[in-house]
2 protein chains.
Amino acid sequence: MRIGELARELGVSTDTLRFYEREGWLPRPVRAENGYRSYRSDDVEHLRLLLNLRRIDLPLEEAARLASWCHAGHCETTSSSLPALIATRRSDVRARIDELRRLDERLDELQAHLVGRTELSVIGPSTSCCSAAAAIFDAVEGSCRCCAVANAEGDA
Amino acid sequence: MRIGELARELGVSTDTLRFYEREGWLPRPVRAENGYRSYRSDDVEHLRLLLNLRRIDLPLEEAARLASWCHAGHCETTSSSLPALIATRRSDVRARIDELRRLDERLDELQAHLVGRTELSVIGPSTSCCSAAAAIFDAVEGSCRCCAVANAEGDA
DNA sequence: TCTTGACATTGGAGTCACTCCAAGGTCTAG
DNA sequence: CTAGACCTTGGAGTGACTCCAATGTCAAGA
Ligand SMILES: [Zn+2]
Ligand SMILES: [Zn+2]
Ligand SMILES: [Zn+2]
Ligand SMILES: [Zn+2]
């Protein structure tokens, strides 16, 4: 099995495979007479394991270490630490999801604000900056400075 | 205002500020007699704008460009493109959230599988790999090879 | 036979957005 | 006088790839 075929089958780039090998995260496969890498089924399994560990967002170093341990059959250690590892990973993932949800909410507010204020943009730039900038400036932080400016001008 | 104070106030590191300046993402502030950077309120506003744009996860280059435009008062262009920009950003964020949720589900399944199978691990390593590796190997992909192995050995 | 095209090889540089460091200069309080 | 908190610079390191140039290999078609 050559590198391109393996890469296609497992959904990564040949560059990634060569990078893994170069940095020592994967064992070097045997070479054919022409110098091409020739992957055996054992190599394929090792790589598949590594990629699965990467898919649960383990850092490459940890994934590679674990993959080698498992592949070499030293999995008692791994077996006992694995649930804790997964638990940590889950809380990381959830924290990131919460972060992104908050970001999405902020974006939602900002979008609504910008759309709702389209008519008001004829007021033009405020003293310190234009209204669009003020909107970003403030909507992201939760309080709106450009509205205050607009209201003040509307009252005047 | 010196760099440390500004950094503390806006919640970034001094390294980040020097990096932004060095790479041209922020204008250079005036220097005091001793060579220290001296930030004016205008600089602070520009930086705050840039950081707000970064907080909605715009790439630094785009955030800096937009911040400069807005800060210079050329915001008509910005006003018209901003809703589209936000919309794109939102769909990116949502896609990432979905990805992470799928990951969380996979981790949940994997965890349940590992915990539920503790007794079965006495079966020991299968022919190709140990059961822990097999679990990662397969649970991440949705079908479980180690169970098949265990069942086969149980039947034998 | 020759050529075209798809594949492979290597080392090295680039990406993004910081982050850390060493070696030094400056200022304030005790 | 000294400790410490601050500031300066240029440069290297991070993670996980990604892209590139220059070159080599091989099978199929004209
Ligand atoms: Zn503006
Ligand atoms: Zn407003
Ligand atoms: Zn194993
Ligand atoms: Zn199983």
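Throughout, a chain's letter reflects where its sequence line sits, starting with A, and its residues are numbered from 1.
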**Q** In whole angstroms, how far is the P atom of D/dC7 from the CZ atom of B/Arg8?
**A**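 One finds 7 Å between P of D/dC7 and CZ of B/Arg8, rounded.
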
**Q** In terms of heavy-atom contacts, does CZ of B/Arg28 have more than 12 from other residues, nucleotides or ligands at under 6.0 Å?
**A** no

**Q** What's the CD-C1' distance between A/Glu21 and C/dT10, to the nearest Å?
**A** 12 Å

**Q** To the nearest angstrom, how far is A/Leu53 atom CG from D/dG15 atom C1'?
**A**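 Rounding to the nearest Å, CG of A/Leu53 and C1' of D/dG15 are 17 Å apart.
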
**Q** Could you tell me the separation between the CD1 atom of B/Ile3 and the P atom of D/dA5, rounded to a whole number of Å?
**A**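 Result: 19 Å.
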
**Q** Whole-Å distance between D/dC7 C1' and B/Tyr39 OH?
**A** 11 Å

**Q** B/Arg18 has an atom CZ; how far is it from atom P of D/dC7, in whole Å?
**A** 7 Å

**Q** A/Leu47 CG to D/dA16 P: how many Å, rounded?
**A**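 Taking CG of A/Leu47 and P of D/dA16, I get 16 Å after rounding.
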
**Q** Identify the pairs formed between an N or O of the protein and an N or O of nucleotides 16-20 of chain C at a distance under 3.5 Å, and give each distance.
**A**
unit_1: C/dA17; atom_1: OP1; unit_2: B/Leu60; atom_2: N; d: 3.3
unit_1: C/dA17; atom_1: OP2; unit_2: B/Leu60; atom_2: N; d: 3.4
unit_1: C/dC18; atom_1: OP2; unit_2: B/Tyr20; atom_2: OH; d: 2.7
unit_1: C/dC18; atom_1: OP2; unit_2: B/Arg54; atom_2: NE; d: 3.2

**Q** Is it possible for you to say whether B/Tyr36 and B/Ile3 belong to one hydrophobic cluster, with membership spreading through side-chain heavy-atom contacts below 4.5 Å?
**A** no

**Q** Starting at atom CG of A/Leu17, determine the distance to atom P of D/dA16, rounded to an integer number of angstrom.
**A**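 After rounding, the gap between these two atoms is 16 Å.
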
**Q** Between B/Thr16 (side chain) and B/Val12 (backbone), is there a donor-acceptor pair under 3.5 Å?
**A** no

**Q** Can you check whether B/Arg2 has a side-chain N or O nearer than 4.0 Å to OP1 or OP2 of D/dC6?
**A**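 The answer is no; no side-chain N or O of B/Arg2 sits under 4.0 Å from OP1 or OP2.
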
**Q** Check whether B/Asp98 reaches the backbone of B/Ala95 with its side chain - one donor and one acceptor, N or O, closer than 3.5 Å.
**A** no

**Q** Run the salt-bridge test on B/Arg96 and B/Glu99 with the 4.0 Å N-O cut-off and return the result as yes or no.
**A**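 The answer is yes: the pair qualifies as a salt bridge.
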
**Q** Would B/Asp92 and B/Arg89 pass as an ion pair if we require N to O under 4.0 Å?
**A** yes

**Q** Quick one: does any side-chain atom of B/Arg54 pair with a main-chain N or O of B/Leu58 as donor and acceptor, under 3.5 Å?
**A**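 It does hold such a pair.
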
**Q** With a 4.0 Å heavy-atom cut-off, tell me which residues in residues 30-37 of chain A come close to DNA chain C, sorted by residue number.
**A** A/Arg31, A/Gly35, A/Tyr36, A/Arg37

**Q** Applying side chain to side chain contact (heavy atoms under 4.5 Å, CB included) to B/Tyr20 and B/Leu51, what does each step give before you reach the verdict?
**A** CA-CA 11 Å; B/Tyr20 282 176; B/Leu51 292 179; 4.1 Å; yes

**Q** In this structure, are over 12 heavy atoms from other groups packed under 6.0 Å from B/Glu61 atom CD?
**A** no

